[in-house]
Student: 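One structure, as structure tokens, below. Some questions next.
One-based numbering along the sequence shown.
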Amino acid sequence: MTANALPAGYVRVTAGRCAVVVLEALADDARALLEEGSLYEAAARDLGAHPMQGRGVVYSIALPQSGRRAVVRRNRHGGLFAALTRDLFLPPTRAPYELAMSLRLRAAHVRTPAVLMYGIERVHGVLRHADVVIARVSDGRDLATYMQHGEDATRRADAWRATVVLVQALAAAGARHHDLNVKNILLAPAVQGLEAWVLDVDRVAFDHADPRAVHRANVARLLRSARKWRDERGAELDERVFVPLALASGD
């Protein structure tokens, strides 16, 4: 695939300083959003949008033409220099990689929301803003909320069981998530109990050489996050939930 090639089923829509890669069936939604500026600006101006706090505000909206529920976020840097670099990226940004990882994970039967579209906006010469629109998972709550005091113990146990299944699926796919944490694992109701979905997949890399090493790295990263929430926020954590994951790694 060449650098300008698009995944099957996606098309490019442009307007002004913005270029959007979008599922062909949602191209009219992209065009309507771009009438308001960037994808993120359109979501922020939507009177029906539901704002949610993440690394910056993200918006849950109904797409303007299809009505499909979606979550719109602007990519932002984390880490030591986040206050300096903020939401500015050099091209091509992380958005094309996130789409590629989402498609690859879904093909490997790892639950992650579909990337419906992403938009790149030219700002400040060579710098770019990147907005990503993903399918909304109905009634989803992140794993951190299930660790809060007062959460029903049975529901918390269901959340951890679903998380174990997700982490094992990541290992089976050879997918290492370099920022696997209790905020980017989303739990949603299923026919039986809960299902876990992984978010922020632009932090995923594939390595089929040593699936056990991939698994151990994912487990260690998630355990570190869970312990941090316990130690800094008083969340409830019974580390015995990690025993099935340790067994699966061969340790």
Side-chain angles (χ1 to χ4, degrees), residues 6 10-79 81-102 112-142 144-145 179 181 183-186 188 197-203:
L6 300 181
Y10 286 79
V11 297
R12 184 176 283 107
V13 174
T14 61
R17 297 182 302 173
C18 297
V20 173
V21 172
V22 56
L23 278 170
E24 187 171 8
L26 301 178
D28 286 342
D29 287 297
R31 294 186 183 98
L33 291 169
L34 290 178
E35 290 178 1
E36 300 293 328
S38 68
L39 301 180
Y40 188 78
E41 289 169 340
R45 292 171 180 160
D46 187 336
L47 296 179
H50 174 62
M52 300 175 289
Q53 190 64 42
R55 182 180 289 169
V57 179
V58 300
Y59 295 96
S60 175
I61 67 169
L63 294 179
Q65 297 296 315
S66 66
R68 185 164 180 177
R69 297 300 305 184
V71 175
V72 185
R73 77 171 189 278
R74 173 150 289 175
N75 279 351
R76 290 176 168 82
H77 291 277
F81 298 104
L84 178 64
T85 53
R86 298 171 294 144
D87 58 1
L88 298 173
F89 292 84
L90 292 171
T93 81
R94 296 199 306 254
Y97 184 79
E98 181 170 352
L99 172 58
M101 291 301 97
S102 173
T112 189
V115 174
L116 305 180
M117 64 183 85
Y118 69 79
I120 308 297
E121 179 187 17
R122 300 190 310 275
V123 291
H124 306 307
V126 72
L127 298 177
R128 302 289 188 267
H129 284 152
D131 304 332
V132 179
V133 182
I134 64 173
R136 183 178 182 273
V137 177
S138 298
D139 300 319
R141 294 169 52 197
D142 62 48
T145 66
D179 190 25
N181 64 65
K183 291 294 290 180
N184 60 26
I185 294 177
L186 193 67
W197 301 67
V198 64
L199 307 178
D200 298 343
V201 299
D202 60 319
R203 300 300 308 276

Student: Of all heavy-atom pairs between Leu116 and Ala135, which one has the smallest distance, and what is that distance?
Tutor: CG-N, 3.7 Å

Student: Give, for atom CG of Asp200 and atom OG1 of Thr112, the distance between the pair rounded to the nearest 0.5 Å.
Tutor: 9.0 Å

Student: Could you note down all residue pairs passing side-chain hydrogen bond (donor to acceptor under 3.5 Å, both in side chains) where residues 14-25 supplies at least one of them, sequence neighbours left out?
Tutor: Arg17-Glu121

Student: His77 vs Arg86, test: side chain to side chain contact (heavy atoms under 4.5 Å, CB included). Steps then yes/no.
Tutor: CA-CA 6 Å; His77 291 277; Arg86 298 171 294 144; over 6 Å; no

Student: Would you check if the side chain of Arg141 reaches a backbone N or O of Asp139 as a donor-acceptor pair within less than 3.5 Å?
Tutor: no

Student: Flag the pair Glu35 / Pro64 as yes when at least one side-chain heavy-atom distance between them is below 4.5 Å, and no otherwise.
Tutor: no

Student: Mind checking side-chain hydrogen bond (donor to acceptor under 3.5 Å, both in side chains) for Thr93 and listing every partner two or more places apart, or none if nothing turns up?
Tutor: none

Student: Determine the minimum heavy-atom distance between Arg45 and Gly37, stating which atoms define it.
Tutor: NH1-N, 4.4 Å

Student: Only one of Leu39, Ile134, Leu99, Val21 forms a side chain to side chain contact (heavy atoms under 4.5 Å, CB included) with Met117, so which one is it?
Tutor: Leu39

Student: Is any side-chain heavy atom of Asp28 closer than 4.5 Å to one of Leu26?
Tutor: no

Student: Which atom names give the shortest non-hydrogen contact between Gly140 and Leu186, and what distance separates them?
Tutor: C-CD1, 3.7 Å

Student: For a 4.5 angstrom cut-off between non-hydrogen side-chain atoms, does Val22 reach Asp29?
Tutor: no

Student: Kindly compute the distance separating CG (Asn181) from CZ (Arg203), expressed to the nearest 0.5 Å.
Tutor: 9.5 Å

Student: In Å, rounded to the nearest 0.5 Å, how long is the span from CG of Leu199 to NZ of Lys183?
Tutor: 10.5 Å

Student: Between CG of Leu63 and CZ of Arg69, what distance do you get to the nearest 0.5 Å?
Tutor: 8.5 Å

Student: State, to 0.1 Å, how close Gly67 and Ala62 come at their nearest heavy-atom pair, and which atoms those are.
Tutor: O-CB, 3.9 Å

Student: Side-chain contact test, heavy atoms from C-beta onward, threshold under 4.5 Å: evaluate it for Met52 versus Ser60 and give yes or no.
Tutor: yes

Student: Please examine the side chains of Asn75 and Asp87, heavy atoms only from C-beta on, and report whether any two atoms are closer than 4.5 Å.
Tutor: no

Student: Within the distance-only criterion (no hydrogens, no angle test), does the side chain of Asn184 pair as donor or acceptor with the backbone N or O of Asp179 below 3.5 angstrom?
Tutor: yes

Student: Would you mind reporting whether Val57 and Tyr40 have side-chain heavy atoms less than 4.5 Å apart?
Tutor: yes

Student: Please give me the minimum heavy-atom distance between Gln65 and Ala32, naming the atom from each residue.
Tutor: NE2-CB, 3.9 Å

Student: What's the spacing between Ile120 CD1 and Tyr118 OH if we round to 0.5 Å?
Tutor: 6.0 Å

Student: Measure the NE2-CZ distance between His129 and Phe89 for me, rounded to the nearest 0.5 Å.
Tutor: 9.0 Å

Student: So which atom in Leu34 and which in Cys18 form the shortest heavy-atom distance, rounded to 0.1 Å?
Tutor: CD2-CB, 3.7 Å

Student: Do Val20 and Asp131 come within less than 4.5 Å of each other through their side chains, counting heavy atoms only?
Tutor: no

